[in-house]
Amino acid sequence: MSVKDRDPLTGHQTTGHEWDGITELNTRVPRIIWISIIVTHVWALAVWILLPAWPLVSSYTRGVLGVDQQEEVEQDILRASLARSDWLSAIDELPIEEIRADPELMSRIAGTAPALFGDNCAACHGAAATGGPGFPSLVDDAWLWGGDAETVMETLRVGINAQHPDTRWAQMLAFGRDGMLSRSEIRSVTGHVRSLSGAEIAPELRETGATIFAETCSSCHGAEGRGNTDLGAPDLTDEFWIYGGDESSVYRTIWDGRQGLMPAWEERLSLVDRKMLTVYLQELAGEAAP
């Protein structure tokens with residue numbers, strides 16, 4: 001077939017290619033395609049000239065317009081900081097009680113603190129602050145060190161078992177692993193501890209465990225097992241368990257001991273940030289209360 005042959009229907013020349021009776025036509029590229037190619041190339045050339053485009057050894061071409069996105073971002077941050085300065089200053093200066101009494105400041109905190117919590121605290125305590133295995137819930141009534149504003153602020157500042165020189169220290173001894181109690185003694189005290197929060201335990205096991213508890217555990221958890229916020233010792237009479245309240249979990253806790261860790265946030269979070277988090281957590285706890 002000659003390439004000069006023409007398609008009888010359209011009048012276009014053919015290319016000489018044919019597949020199963022289908023002939024390829026030698027049609028021109030649509031004008032809109034050429035226009036698009038020209039426009040995009042001209043636009044690209046203009047961008048190269050006007051805007052930062054080409055990397056250099058240690059910098060980049062600035063462009064005729066001198067656009068600097070880093071500078072623009074810094075200006076945006078500065079403007080945002082200035083817009084926030086008034087209410088941030090108020091939070092910085094006022095005590096927690098007065099902050100909570102100010103509807104405008106509480107509105108600002110409600111819009112800011114959730115992101116602050118999500119960025120720094122949710123990885124351990126959960127997005128809803130309800131905690132998980134090994135990490136306490138922050139929306140219940142069980143506070144290891146106390147839930148008043150001053151205590152929460154200090155815990156955020158220095159952490160627990162952290163590197164901060166003023167950190168709070170708390171550790172439960174490994175009574176089984178270190179040979180202080182036998183397996184049978186740990187089973188007895190496990191039964192007694194679980195009975196404190198309402199579990200049904202055999203009387204003889206509970207009585208034996210109560211004696212061991214009084215001799216071994218009461219110095220931290222109290223004679224009635226209600227805990228001690230000065231030592232970070234949890235209340236054993238409520239329904240809140242950090243590591244689980246079933247028999248196996250309590251046994252393992254007594255056998256291996258426990259030592260949680262919370263980072264000290266003083267270097268990462270400002271005083272204003274810690275105040276907002278404290279108010280936010282107290283509001284969450286209030287909403288979760290029955």
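Note that the numbering runs from 1 along the sequence shown for the chain. All figures in this text were calculated on a predicted structure; none of them were measured in a lab.
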Decide, yes or no, whether a salt bridge links Asp166 with Arg157 under the criterion of side-chain N to carboxylate O below 4.0 Å.
yes

Would a 4.5 Å heavy-atom cut-off, applied to side chains only, mark Asp68 and Arg62 as touching?
yes

Do the side chain of Thr253 and the main chain of Ser249 share a donor and acceptor less than 3.5 angstrom apart?
yes

Backbone of Gly63 reached by a side-chain donor or acceptor of Thr61 within 3.5 Å
no

Under 3.5 Å donor-acceptor, Lys275 side chain and Ser270 backbone
no

For Gly260, does its backbone N or O pair with a side-chain atom of Asn161 as donor and acceptor, under 3.5 Å?
yes

Under 3.5 Å, is there a donor-acceptor pair between the side chain of Ser59 and the main chain of Pro55?
no

Member of Asp273, Asp119, Asn120 meeting the side chain to side chain donor-acceptor pair (under 3.5 Å) criterion with Arg268
Asn120

Check the pair Arg187 / Glu247 against salt bridge (Lys or Arg N to Asp or Glu O under 4.0 Å), numbers first and verdict last.
CA-CA 9 Å; Arg187 279 194 290 271; Glu247 182 178 1; over 6 Å; no

Should the ring pair Phe213 and His221 be called parallel, tilted or perpendicular, given that the plane angle runs from 0 to 90° and is split at 30 and 60?
tilted

Assess the residue pair Asp238 and Arg226 against the criterion (salt bridge (Lys or Arg N to Asp or Glu O under 4.0 Å)); give the C-alpha distance rounded to whole Å, side-chain angles, the decisive distance to 0.1 Å, and a yes or no.
CA-CA 8 Å; Asp238 57 28; Arg226 296 189 180 278; over 6 Å; no

Between the side chain of Thr40 and the main-chain N/O of Ser36, is any donor-acceptor distance below 3.5 Å?
yes

Axial cation check for Phe175 ring with Arg177, 6.0 Å and 45° limits:
no

Between His125 (side chain only) and Thr130 (backbone N and O only), is there a donor and an acceptor less than 3.5 Å apart?
no

Without swapping roles, check the side chain of Arg100 against the backbone of Val279 for a donor-acceptor pair under 3.5 Å.
no

Short question: side chain of Thr167, backbone of Gln163 - any donor-acceptor pair under 3.5 Å?
no

Where Tyr280 and Ala113 come nearest, the two heavy atoms and their spacing
CB-CB, 3.6 Å

No-hydrogen, no-angle side-chain donor-acceptor test under 3.5 Å, Thr14 and Arg6
no

